[in-house]
Amino acid sequence: MTEMEINDNSFLRQFETKVDGHLAKIEYSSQERKVFLTKLVIPEEIEQEGFKETFIKAVLHHIQEQNLRVVPTSPHIAGFLRKNRQYKEMLPVGIRI
């Protein structure tokens with residue numbers, strides 16, 4: 001995976017990355033050591049093959065480094081976690097997708 005710089009914009013509650021001047025983001029809310037990933041926004045101009053997965057992986061890695069749990073409420077992110085079971089350990093106890 002190519003290294004992608006993830007910015008945690010806590011004021012707007014979103015993880016961001018810029019690609020060719022366009023901003024891709026995953027909006028979130030947090031509560032009690034859990035991060036709820038609520039919305040994935042990727043501009044059409046940067047929707048090339050594989051970008052979405054790379055971006056989600058980079059955000060999950062960023063969250064994992066902080067020892068936080070993740071709750072995917074966005075259908076795109078939940079679908080990604082369903083296909084990539086190696087991230088299952090990041091889900092809080094009792095949460096299944």
Side-chain angles (χ1 to χ4, degrees):
M1 177 174 81
T2 58
E3 200 57 39
M4 181 181 291
E5 186 177 327
I6 300 296
N7 177 38
D8 181 358
N9 184 335
S10 57
F11 180 73
L12 294 176
R13 293 189 324 257
Q14 61 192 26
F15 296 107
E16 309 167 333
T17 193
K18 279 196 175 183
V19 178
D20 299 330
H22 300 284
L23 185 69
K25 61 186 179 179
I26 294 179
E27 297 175 4
Y28 70 87
S29 63
S30 56
Q31 173 187 25
E32 298 177 7
R33 313 251 342 122
K34 291 187 220 64
V35 178
F36 294 79
L37 302 177
T38 58
K39 186 176 182 183
L40 173 66
V41 180
I42 299 176
E44 282 182 28
E45 296 84 0
I46 57 173
E47 264 192 15
Q48 65 261 26
E49 190 65 36
F51 173 77
K52 186 188 330 183
E53 280 197 7
T54 303
F55 181 43
I56 293 172
K57 284 178 185 178
V59 168
L60 290 173
H61 182 71
H62 180 80
I63 292 169
Q64 197 171 35
E65 285 179 336
Q66 298 174 31
N67 269 345
L68 299 173
R69 298 288 182 190
V70 66
V71 181
T73 60
S74 159
H76 296 290
I77 298 169
F80 173 84
L81 286 172
R82 240 180 254 115
K83 289 183 211 166
N84 297 276
R85 304 306 281 171
Q86 69 266 31
Y87 296 104
K88 186 179 177 183
E89 73 219 18
M90 292 182 69
L91 297 171
V93 174
I95 300 288
R96 289 195 171 85
I97 55 164

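In what follows, every heavy atom counts, from backbone to side chain, and hydrogens, waters and symmetry copies are set aside. In this chain, residues are counted from 1 in sequence order.
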Cluster partners of Leu23, using ILVMFWY side-chain heavy atoms under 4.5 angstrom, listed by chain and number?
none
Using every non-hydrogen atom in the two residues, find where [X] and [Y] come nearest and quote the distance to one decimal.
X	Y	value
Lys57	Tyr87	CG-OH, 3.4 Å
Val70	Pro92	O-CD, 3.2 Å
Ile97	Leu81	CD1-CB, 3.0 Å

Would Asp20 and Glu45 count as a side-chain contact (heavy atoms from CB on, under 4.5 Å) here? Give the steps.
CA-CA 9 Å; Asp20 299 330; Glu45 296 84 0; over 6 Å; no
For Glu89, side-chain hydrogen bond (donor to acceptor under 3.5 Å, both in side chains) partners two or more places apart
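Only Gln64 meet the side-chain hydrogen bond (donor to acceptor under 3.5 Å, both in side chains) criterion with Glu89.
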With sequence neighbours excluded, what pairs up with Gln31 under the side-chain hydrogen bond (donor to acceptor under 3.5 Å, both in side chains) test?
none
Could you state the interatomic distance from CZ (Arg69) to CG (Leu91), rounded to the nearest 0.5 Å?
8.5 Å
Kindly list each side-chain donor-acceptor pair under 3.5 angstrom involving residues 8-17, sequence neighbours excluded, with atom names and distances?
unit_1, atom_1, unit_2, atom_2, d
Asp8, OD1, Tyr28, OH, 2.5
Asn9, OD1, Phe11, N, 3.3
Asn9, OD1, Leu12, N, 3.0
Asn9, ND2, Glu16, OE2, 3.0
Gln14, NE2, Glu16, OE2, 2.6
Glu16, OE1, Asn7, ND2, 3.1
Thr17, OG1, Glu5, O, 2.9

Distance-only donor-acceptor pairs under 3.5 Å for side chains of residues 33-42, two or more places apart:
unit_1, atom_1, unit_2, atom_2, d
Arg33, NH2, Gln66, O, 3.3
Arg33, NH2, Asn67, O, 2.9
Thr38, OG1, Glu27, O, 3.1

Among Ile26, Ile77, Leu60, find the residue that satisfies the side chain to side chain contact (heavy atoms under 4.5 Å, CB included) test when tested with Pro72.
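Answer to the side chain to side chain contact (heavy atoms under 4.5 Å, CB included) test with Pro72 among Ile26, Ile77, Leu60: Ile77.
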